[in-house]
Amino acid sequence: MKEGNILASGNGNHDEQLYKLRHSTAHVMAEAVLDMFPEGKLAFGPPIENGFYYDFDLPRALTPEDLEEIEARMKEIIKGDYAFEQRDVDVAEAKRMFAGQPYKIDQIEKLASGEEDEHGESGARPVSHMSIYTHDHFTDLCRGPHVERTGQIPDNAFKLLNIAGAYWRGDENQPMLQRIYGTVWPSRKDLKKYLAWLEEVEKRDHRKLGKELDLFSFHEDAGAGLVYWHPKGARIRAIIEDFWRQEHYKGGYDVVYSPHIGRSRLWERSGHLDFYADAMYSPMDIDGIDYFIKPMNCPFHIKMYQSKRRSYRELPLRWAELGTVYRYERSGVLHGLMRVRGFTQDDAHIFCTPDQVEDEIVEVLRFSLRLLEAFGFEDFKAYLATRPESAVGEPARWDQAIEALKRAIAEEGLPYEIDEGGGAFYGPKIDLKLRDALGREWQTTTIQFDFNMADRFELSYIGPDGFEHRPYMVHRALLGSIERFFGILVEHFAGAFPVWLAPVQAALIPIADRHIDYARQVAAQLRQADLRVEVDESGDRMQAKIRAAQLQKVPYMLVIGDREVESEAVAVRLRNEKNLGAQSISEFVAMAQEAVAEKRDL
RNA sequence: GCCACCCUAGCUCAGCAGGUAGAGCAAGCGCCUUGUAAGCGCUGGGUCGUCGGUUCGAAUCCGACGGGUGGCUCCA
């Protein structure tokens, strides 16, 4: 997950300034840290989106109190207004200067040998000189650029945010370093804006809202990463799934169901046991035969394909399934609904002839965008993932498939980036990321070109020539995982779901107990009109009932007192605090149904 | 899995120089019968994540395990 750039200036010069500011602040922080820990070892400290970090190897673990002290020291360095001075040194001098800094020496050697360039990319040319930057008494190996003087860093617009562990060079076999994340902005106002954004992120956290809105839970005593859908969460999920199913039928798909476990031979054949055994749940022994709970649905759909002879005349076959899969995710990566061990893929496999595959991929892209737009998302970006190191299939087929995916993206006019080596072992893929209401990117859709499974299972169809041919497979999930997509929706809407998704669309609020009977009658009528309603029969006063509905983010609050009973009406209040006054039941039904049909907020 | 931190009633949290637990909200009951974001009162509720250790004595100190948070690595 990447944080959105809330300044979103789109101004290249501005970005350059921010880069310098953040990079320079990282250096100032490193100096402050070394002041506190003279024996500390420096690793890398780059600027990043919205801030910077610096990795250190320190004699003890940092505490939040240390951050305050480091910040105070940083302010002094800024006040000192030291110049950032750049110069080039040769390898020998660089090694001398960083003699006590093993990570820097490592970097110098990698640069000198050409093993890595200054971006950490491999295959660079050996260099004889390298750039260093000095300010005050701190020097770092660095290609810059920096601001001219430390005094140009606004001392009231930076903040150290948190401490985290990070492996040296991102390699889990290397030492664990301590990383300090910080943020810095051109002005105090910008910093405040960013901190407010972070607060908003926290407020919308789906784990917090999930609890407050009674949508789902996890149970440590019953297993980590396994989701329990409460009635209200399940209600929303059912709506999503119903909509999904209808759209798929309309889009020329068929919906299928498959088992949750399968014999080991299935997973050997598919290659999953070779490539992903570590991430699969351990086998269970049934009558002396190993069965695995499924980490993917594809082998099952393949078995169905094989259930009879296929003709080119019935292709493409588009089989979709809301298939729940289980994967053993390492404990440290679990995160609310976003990363779980049991989840439901909105999966589908398309079996087609080689000359159909490109059209199919274009159509899947189109279909996916249409589906996601229905949930209120508008901003998408594509990522084209190419051949990973451990892959099957000849490079020529990969190249051909990648070209096909490129053409599909071009046809939809989507902006895209190449994700080098990010493909699945069985084929390249297009991932879609959407941007949510806070500007954050989330990966949902994945469309994978798979020319491996069909080979492994020796799939075939009879062509017009009467001979057997190998079909191509496209593997796709559009919402991704239903659990994760639901979490994204919760955060995107901050729990205030549009009417069509709201688990309770209207809260009926009788002012006094004598209005309860009428409220129940109204509720029955609304249910007949396919609206989801609840009558608040608690002993609370009206104000408290409104507050309760408001906190539950119920779109419509229907207040019922003597006047409404008398005139067979309801007094409509919206969750945005607008008061629409009295409406007849049919008026309200028409309004609510329209909001549902148009998938509107209210 | 790795580093750091955290785990006290359903929820949010207080209790931190070790002397066997509190608040607000929620819940149950009662009073009030109410007009657009919290009416009042009473009551019940916790083997302080689990196990082990130190101690006369542990929610409080130490260790292991489980779960979580922020990152790193990983993500078919």
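The sequence lines fix the lettering, A, B, ..., with proteins before strands; numbering per chain opens at 1.
Atom P of nucleotide B:C3 and atom CG of A:Asn173 are separated by 14 Å, given to the nearest angstrom. In this structure, A:Leu213 places its CG atom 21 Å from P of B:G10, rounding to the nearest Å. Across the protein-nucleic acid pair, A:Asp540 atom CG and B:A38 atom P stand 11 Å apart, rounded to whole Å. What separates CD of A:Glu212 from P of B:C25 is a distance of 17 Å, to the nearest Å. A:Ile48 has its CD1 atom 9 Å from the P atom of B:C72, to the nearest Å. Taking atom OH on A:Tyr181 and atom C1' on B:C72, their separation rounds to 7 Å, with Å as the unit. Residue A:Ile509 contributes atom CD1, which lies 13 Å from atom C1' of B:A38 at whole-angstrom precision.
Relative to the ring axis of A:Phe300, A:Lys294 places its NZ or CZ within 45° and under 6.0 Å from the centre. With A:Phe52 as the aromatic partner, A:Arg22 does not meet the cation-pi criteria of under 6.0 angstrom to the ring centre and within 45 degrees of the ring axis.
You'll find that the side chain of A:Glu172 is closest to B:U73, out of B:U34, B:U73, B:C75.
Base contact: A:His272 has a heavy atom under 4.0 Å from a base atom. Contacts of A:Glu577 with the nucleic acid, taken as non-hydrogen atoms under 4.0 Å apart, include base atoms. The residue A:Ala164 sits close to a base: some heavy atom pair falls under 4.0 Å. As judged by a 4.0 angstrom heavy-atom cut-off over every strand, A:Ala549 is placed among residues making no nucleic acid contact.
For the P atoms, the distance linking B:G41 with B:C25 amounts to 9 Å, nearest Å. Here, B:C13 and B:C48 have their C1' atoms 13 Å apart, quoted to the whole Å. Rounded to whole Å, the separation between the P atoms of B:C3 and B:A27 comes to 44 Å. For the P atom pair drawn from B:G46 and B:C2, the interatomic distance equals 36 Å after rounding to whole Å. Between B:A76 and B:G15, the distance separating the two C1' atoms is 49 Å to the nearest Å. Of the P atoms belonging to B:G39 and B:U33, the separation is 15 Å, rounded to the nearest Å. Comparing the same atom, C1', in B:A14 and in B:C7 gives a spacing of 15 Å after rounding to whole Å. Only the P atoms considered, B:G57 is 15 Å distant from B:G52, to the nearest whole Å.
For A:Lys211, a side-chain nitrogen or oxygen approaches OP1 or OP2 of B:U12 to under 4.0 Å. Neither OP1 nor OP2 of B:G35 sits under 4.0 Å from any side-chain N or O of A:His515. Here A:Lys429 reaches the OP1 or OP2 of B:A76: one of its side-chain N or O atoms lies under 4.0 Å away. For B:A37, one of the phosphate oxygens OP1 or OP2 lies less than 4.0 angstrom from a side-chain nitrogen or oxygen of A:Arg573. In this structure, A:Arg514 reaches the B:U34 phosphate: one of its side-chain N or O atoms is under 4.0 Å from OP1 or OP2. For B:U69, the OP1/OP2 oxygens have a side-chain nitrogen or oxygen of A:Arg207 closer than 4.0 Å. Between A:Tyr167 and B:C74 there is no side-chain polar atom (N or O) within less than 4.0 angstrom of OP1 or OP2.
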_Would A:Ile163 and A:Arg179 count as a side-chain contact (heavy atoms from CB on, under 4.5 Å) here? Give the steps._
CA-CA 6 Å; A:Ile163 307 157; A:Arg179 173 172 297 179; over 6 Å; no

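One donor-acceptor pair, N or O on each side, does fall under 3.5 Å between the base of B:C74 and the side chain of A:Arg339. With hydrogens and angles ignored, a donor-acceptor pair under 3.5 angstrom links the side chain of A:Glu564 to the base of B:G35. For B:U73, its base sits under 3.5 Å from the side chain of A:Arg330 at one donor and acceptor pair at least.
Side chains of A:Thr446 and A:Gln448: a donor on one and an acceptor on the other come within 3.5 Å.
In summary, the aromatic rings of A:Tyr181 and A:Tyr54 are positioned with their centroids too far apart to meet the 6.0 Å limit. Ring-centre distance between A:Tyr326 and A:Phe343: not below the 6.0 Å cut-off.
A salt bridge is absent between A:Glu491 and A:Arg204: the closest approach of a Lys/Arg side-chain nitrogen to an acidic carboxylate oxygen does not fall below 4.0 angstrom.
Nearer to the 5' terminus of RNA chain B, by closest-nucleotide assignment, is the contact made by A:Ala61 (compared with the other of A:Leu334 and A:Ala61). If A:Arg541 and A:Ala571 are placed on RNA chain B by their nearest nucleotide, the residue sitting closer to the 5' end is A:Ala571.
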